[in-house]
Participant: 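Structure below; questions to follow.
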Amino acid sequence: EAMKIAVEFLESVPADGPQKKQWAMEAAALVYDELIDKVIPVWVWPFWMMTKPVARPLAMAAASALVEFLLPLLRMVT
């Protein structure tokens, strides 16, 4: 349901496709930055501190791929 709301919001914004994708990526980065340290269990923190610099770019690449893949599918469903 949250994805459907996000897609409807992005569709209502009067901007071109690349600008909408940029906004979606900025929102994903904000959510990642705010929540990632809170969802990692304490016992994983030593490993997390070593992998954290690599994890964010990987997560943003995955989010970009999901935006490219899921938005057209969600547009067809909604």
Participant: Using the rule that two of Ile, Leu, Val, Met, Phe, Trp, Tyr join whenever any of their side-chain heavy atoms come within less than 4.5 Å, decide whether Val44 and Tyr32 are in one cluster.
Facilitator: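 Shared cluster, yes.
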Participant: Group every Ile, Leu, Val, Met, Phe, Trp and Tyr by side-chain heavy-atom contacts under 4.5 Å, then state whether Val31 and Val39 land in the same group.
Facilitator: no
Participant: Out of curiosity, Leu30 CG to Met25 CE, how far, rounded to the nearest 0.5 Å?
Facilitator: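 Between Leu30 CG and Met25 CE, I get 12.5 Å after rounding to 0.5 Å.
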Participant: Check for me, please, whether Ile40 and Trp43 land in the same ILVMFWY cluster - side-chain distances under 4.5 Å, paths through other members count.
Facilitator: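 Per the 4.5 Å side-chain linkage, Ile40 and Trp43 are co-clustered.
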Participant: Kindly indicate, with the supporting measurements, whether the criterion side-chain hydrogen bond (donor to acceptor under 3.5 Å, both in side chains) is fulfilled by Trp45 and Asp37.
Facilitator: CA-CA 9 Å; Trp45 268 75; Asp37 287 334; over 6 Å; no
Participant: Kindly determine whether Asp33 and Ile36 satisfy side chain to side chain contact (heavy atoms under 4.5 Å, CB included), including the steps that lead there.
Facilitator: CA-CA 6 Å; Asp33 292 339; Ile36 194 63; 5.7 Å; no
Participant: Report the distance from atom CG of Leu58 to atom OG1 of Thr51, rounding to the nearest 0.5 Å.
Facilitator: 9.5 Å
Participant: So Arg56 and Met60, side chain to side chain contact (heavy atoms under 4.5 Å, CB included) or not? Walk me through it.
Facilitator: CA-CA 6 Å; Arg56 188 177 194 276; Met60 293 301 101; 4.2 Å; yes
